[in-house]
Amino acid sequence: MAVEDVKIRLEELTTLLNDYAYHYYVLDNPKVPDAEYDRLLRELRTLEEANPELKQADSPTERVGGEPLDSFKKVQHDVPMLSLSNAFNETELRDFARRAQQGLGYEPSYICELKIDGLAVNLKYENGLFVQGATRGDGTTGEDITSNLKTIPSIPLKLKENVTIDVRGEAFMPKKSFNRLNEAKEKNGEALFANPRNAAAGSLRQLDPKIAAKRNLDIFIYSVGKVENNELDSHHEALSYVKELGFKTNKETQYCETIEDVIAYCDSWLDKRTELDYDIDGIVIKVDRISDQQKLGFTAKSPRWATAFKFPAEEVVTTLEDIELSV
Ligand SMILES: NC(=O)c1cc2c(=O)c3cc(F)ccc3oc2nc1N
């Protein structure tokens, strides 16, 4: 094949495979059978090996992970990644709403999101390309784990618009992947991970990205950091915007007009969460209007316009056998 034709075919395959991966991993709605995806990926890999200079920045072959790092670089967050205050019962939820109402002079509307129990990360895109991913760290300085995050199929390597944007989300390990990983570890006599959150954090802190690539990690994007498009007047519009860009957002997110609706939503998930195929440790409640968020501002370490309703910790029944295993 002439080089020009190789370039066209290679770009065609990259676009096609990324679209198939988007439908499979972000929309949970496969477009083609796995065998068809694998056949095209093999064709792309062959063309890239013969023409490495033609490999696209957003090639799906990036997902297998490159060479191990010696260490993680430090990253300064442009916008600090703060932590959420907690509310442990309905009274504390109502206190949060009362403080918001006092600060605004009226009762705001809210957005409720499942509080994914994973690892908070910041994703940086320049002109639509994924250029850096970092952990929260101490809120100001995190670790550059770009090479590991590139292996997560639901993190787009190229956005549907060429925008420069920072987004935040929670990387996590689905329960099924966690159970499979611990079964494999048990067979090898290795120490088990205590829960999916530790397993996700442990996987993303590996210096060898080929390990992260095998851990079936996933992500939900829950907020926008720095962004060019400042027509976003509410949090729910920001979530629709990042979804349009190609990010994975959580379909259980709910707009709530009043704190009564918020409390009903929190109550509804206390027992339902066992049906989810990922762990949640509560519900995140955010004042929806951006102007209201700006009026309420932040304390030294948390936004005043958001809080986390925490579920009671699930009693973990540790049998004697488990204790022996983890020794
Ligand atoms: N684990 C989560 O699913 C989740 C976590 C956060 C945060 O930690 C968080 C921290 C802030 F300072 C502000 C907003 C936030 O929104 C968030 N939204 C979520 N859905």
Side-chain angles (χ1 to χ4, degrees), residues 77-87 93 96 99-100 103 108 110-123 133-142 149 152 154-155 165-175 195-201 204 217-227 232 234-243 247-256 262 265-266 269-270 272-273 276-311 313:
H77 298 305
D78 300 334
V79 175
M81 289 181 76
L82 301 177
S83 49
L84 291 166
S85 58
N86 291 324
L93 263 184
F96 164 70
R99 287 193 298 272
Y110 302 94
I111 290 284
C112 286
E113 298 172 9
L114 300 184
K115 187 170 183 296
I116 313 302
D117 198 5
L119 193 74
V121 293
N122 184 80
L123 306 179
T135 62
R136 183 203 302 270
D138 63 8
T140 309
T141 308
L149 290 170
I152 301 181
S154 50
I155 290 182
I165 186 172
D166 274 25
V167 296
R168 278 148 192 205
E170 198 84 1
F172 65 93
M173 184 181 290
K175 291 174 186 169
N195 53 53
R197 192 216 159 282
N198 290 5
L204 287 171
L217 296 171
D218 202 340
I219 194 167
F220 287 117
I221 299 301
Y222 56 65
S223 80
V224 177
K226 251 176 9 126
V227 60
L232 300 172
S234 67
H235 182 63
H236 74 265
E237 282 168 10
L239 291 176
S240 305
Y241 178 58
V242 297
K243 188 171 179 189
F247 289 108
K248 185 167 187 173
T249 54
N250 191 293
K251 63 181 174 23
E252 307 301 345
T253 297
Q254 171 98 39
Y255 175 83
C256 290
V262 167
Y265 182 88
C266 292
W269 276 102
L270 184 56
K272 230 173 17 177
R273 63 177 156 153
L276 293 166
D277 60 13
Y278 47 84
D279 272 359
I280 64 171
D281 60 340
I283 303 292
V284 181
I285 298 106
K286 301 172 183 176
V287 166
D288 186 38
R289 256 190 304 277
I290 302 298
S291 58
D292 287 348
Q293 293 184 4
Q294 288 162 341
K295 271 186 218 153
L296 292 171
F298 299 85
T299 66
K301 61 183 186 49
S302 299
R304 286 199 188 88
W305 46 266
T307 195
F309 175 71
K310 301 285 285 199
F311 293 140

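Computed from heavy atoms alone, side chains included, the values below leave out hydrogens, waters and symmetry copies. As the structure lists them, so they are numbered: ligands from 1, and atoms in each ligand from 1.
- Counting heavy atoms from C-beta on, the side chains of Ile116 and Ile280 come closer than 4.5 Å.
- Between Phe309 and Leu84 the shortest side-chain heavy-atom distance does not fall below 4.5 Å.
- Counting only heavy atoms of the protein, atom 15 (C) of ligand 1 lies nearest to Leu84 CD2, 3.9 Å.
- Checked against salt bridge (Lys or Arg N to Asp or Glu O under 4.0 Å), Lys175 has no partners two or more places apart in sequence or in another chain.
- The part of Val284 lying near ligand 1 is the side chain, judged by heavy-atom distances below 4.0 Å.
- With contacts defined as side-chain heavy-atom distances shorter than 4.5 Å, the pair Lys115/Lys310 qualifies.
- At a heavy-atom distance under 4.0 Å, only backbone atoms of Leu114 (N, CA, C or O) approach ligand 1.
- Looking at Glu113 next to ligand 1, an N or O pair under 3.5 Å apart turns up.
- Within 6.0 Å of NZ on Lys272 lie more than 12 heavy atoms contributed by other residues, nucleotides or ligands.
- Among residues two or more places apart in sequence or in another chain, the ring-ring contact (aromatic ring centres under 6.0 Å, His included) test is passed with Phe172 by Phe220, Tyr278.
- At a threshold of 4.5 Å between non-hydrogen side-chain atoms, the residues Val287 and Pro303 do not count as touching.
- Looking from atom 2 (C) of ligand 1 to the surrounding protein, the closest heavy atom is Ile116 N, 3.6 Å.
- When non-hydrogen atoms are compared, ligand 1 lies under 4.0 Å from neither the backbone nor the side chain of His235.
- For ligand 1, the polar-atom distance check finds no N/O of Ala306 at less than 3.5 Å from any of the ligand's N/O atoms.
- Proximity of Arg136 to ligand 1 is established by a heavy-atom distance of less than 4.0 Å.
- Closest heavy-atom contact between Met173 and Pro196: O-CB, 3.5 Å.
- Checking only distances, Glu170 does come within under 3.5 Å of ligand 1, N or O to N or O.
- Proximity of Lys286 to ligand 1, defined as any heavy-atom pair under 4.0 Å, is confined to the side chain (atoms from C-beta onward).
- Remark: minimum distance from atom 11 (C) of ligand 1 to any protein heavy atom is reached at Leu82 O, 3.8 Å.
- Only side-chain heavy atoms of Pro303 come within less than 4.0 Å of ligand 1; its backbone N, CA, C and O stay farther off.
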